[in-house]
Amino acid sequence: MSSLVSTSHLQLAAFALGTVGWILCTVSMGIVEWRVWHVDNTTIISSGIAWVGIWKVCFISYLHVSPGYKEQFCRKFSGYDSSIPREIYAAQGLLLIATCMGLLGLTATIFALRNVYMGIAQKTLITRFFLVGGFFYILAGLCVLIPVSWNFYSVMHNQSIAFPPSYYMPSSPAAQEAGAAIPIGIVAVILLLLSGTFSLSYRFPVTANTVTKS
């Protein structure tokens, strides 16, 4: 068993990195601070700052602009808003896929590590599950990389969004910057790609002092 376990240290690290990367992926998907807009007109957006996420847009307002919202106003994106740019809708779908792929990668890695640490020397089974886990980790990392890079590109080029009037948002900001979700997503990409690489690098030992179970 010791020789079998000694070959899976990188894969144990892959599980740890993949877990953190998967958590960061879900965090970046849930927070609204993807793009931070600075606006000149503070009549409605009282703080002069609005947050554009992949699910909704929010800002602080001292006006009662909507029932139930006295200070923070949030408007969820609708699938029928053709004015919302493609990178936002792409981010919604890709991050949901990344969350599912990351979870599948963790499941496959857990199963492979279970066999390793229990001394079940099933070469084909262990190797295949590490390979499957690595594949899902890398796929999840790529699914996070695309929306993060796309939205970061939009921020750097100060691209505008023609929001409908009900959003109370200007069509373009005076300036904009990357919000917290983008660096969180970048870290998630790095961790998921590393965990995928570590999982794919597994090599079953030629001889192992293990109990073989069919």
Side-chain angles (χ1 to χ4, degrees), residues 18 20-39 41 44-45 47-61 65-69 72-106 135-193 195-196:
V20 177
W22 179 75
I23 291 173
L24 292 179
C25 171
T26 57
V27 169
S28 67
M29 181 173 59
I31 63 178
V32 72
E33 293 88 356
W34 275 74
R35 299 160 68 169
V36 180
W37 279 29
H38 298 271
V39 300
N41 189 346
I44 295 179
I45 305 176
S47 63
I49 297 176
W51 302 279
V52 180
I54 63 173
W55 303 103
K56 60 184 177 180
V57 59
C58 294
F59 56 81
I60 301 297
S61 177
V65 295
S66 179
Y69 296 94
Q72 187 179 53
F73 172 79
C74 291
R75 180 76 177 187
K76 292 183 179 180
F77 297 136
S78 170
Y80 301 102
D81 293 334
S82 59
S83 59
I84 305 302
R86 290 173 294 176
E87 63 265 26
I88 288 179
Y89 286 128
Q92 293 177 0
L94 287 172
L95 286 175
L96 285 173
I97 293 173
T99 302
C100 295
M101 296 298 100
L103 187 59
L104 289 173
L106 291 173
F135 171 78
F136 281 128
Y137 286 140
I138 291 177
L139 183 60
L142 294 177
C143 287
V144 179
L145 177 62
I146 293 172
V148 166
S149 302
W150 198 349
N151 280 273
F152 184 71
Y153 175 86
S154 299
V155 169
M156 292 298 99
H157 289 77
N158 198 28
Q159 294 185 355
S160 61
I161 301 175
F163 288 106
S166 60
Y167 284 69
Y168 299 101
M169 286 283 292
S171 59
S172 60
Q176 63 178 301
E177 60 189 38
I182 290 181
I184 291 175
I186 292 173
V187 175
V189 170
I190 294 172
L191 294 180
L192 288 169
L193 293 180
S195 61

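For the single chain, residues carry numbers from 1 onward in sequence order.
With rounding to the nearest 0.5 Å, the separation of CH2 in W150 from CZ in R86 is 5.5 Å. The line from OG1 of T99 to CD1 of I23 is 11.5 Å long, rounded to the nearest 0.5 Å. For the atom pair OG of S149 and CG of L142, the computed distance is 10.0 Å after rounding to the nearest 0.5 Å. L191 contributes atom CG, which lies 11.5 Å from atom SG of C25 (distance to the nearest 0.5 angstrom). N158 CG to S172 OG: the interatomic distance, rounded to the nearest 0.5 Å, is 7.5 Å. A distance of 11.5 Å separates CE in M29 from CG in L94, rounded to the nearest 0.5 Å.
Residues P164 and S83 come closest through the heavy atom pair CD-OG, 3.5 Å. Nearest heavy-atom pair, K56 versus V32, reported as atom, atom and distance to 0.1 Å: O-CG2, 3.4 Å. The nearest pair of heavy atoms linking M101 to F136 is O-CB, 3.3 Å. G185 and V148 get closest at one heavy-atom pair: CA-CG2, 3.9 Å. Closest approach of Y137 to L106, counting heavy atoms only: OH-CD2, 3.2 Å.
Residues satisfying the side-chain hydrogen bond (donor to acceptor under 3.5 Å, both in side chains) test with T26, not counting sequence neighbours, are none.
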Problem - Intermediate values then yes/no, side chain to side chain contact (heavy atoms under 4.5 Å, CB included), I88 and N151 - result: CA-CA 8 Å; I88 288 179; N151 280 273; 4.2 Å; yes
Practice task
Take I184 and I31 through the test side chain to side chain contact (heavy atoms under 4.5 Å, CB included) and record every step on the way to the result.
Solution key: CA-CA 10 Å; I184 291 175; I31 63 178; 4.0 Å; yes
Exercise for the section: List the steps, then state whether side chain to side chain contact (heavy atoms under 4.5 Å, CB included) holds for L104 with L139. Expected result: CA-CA 11 Å; L104 289 173; L139 183 60; over 6 Å; no
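W55 places no side-chain N or O within donor-acceptor distance of the main-chain N or O of F77, the cut-off being under 3.5 Å.
Residues P170 and I45 have side chains in contact (heavy-atom distance under 4.5 Å, counting atoms from C-beta outward). When side chains are defined from C-beta on, L192 does not count as touching I138, because their heavy atoms never get closer than 4.5 Å. Using a 4.5 Å heavy-atom cutoff, the side chains of V36 and H38 are in contact.
Residue pairs that meet the side-chain hydrogen bond (donor to acceptor under 3.5 Å, both in side chains) test with at least one member in residues 28-37, sequence neighbours left out, are R35-E87, R35-Q176, W37-Q176.
When each of F163, F73, Y168, Y167 is tested with F59 by the rule ring pair (Phe, Tyr, Trp, His ring centres under 6.0 Å), just one qualifies, namely F73.
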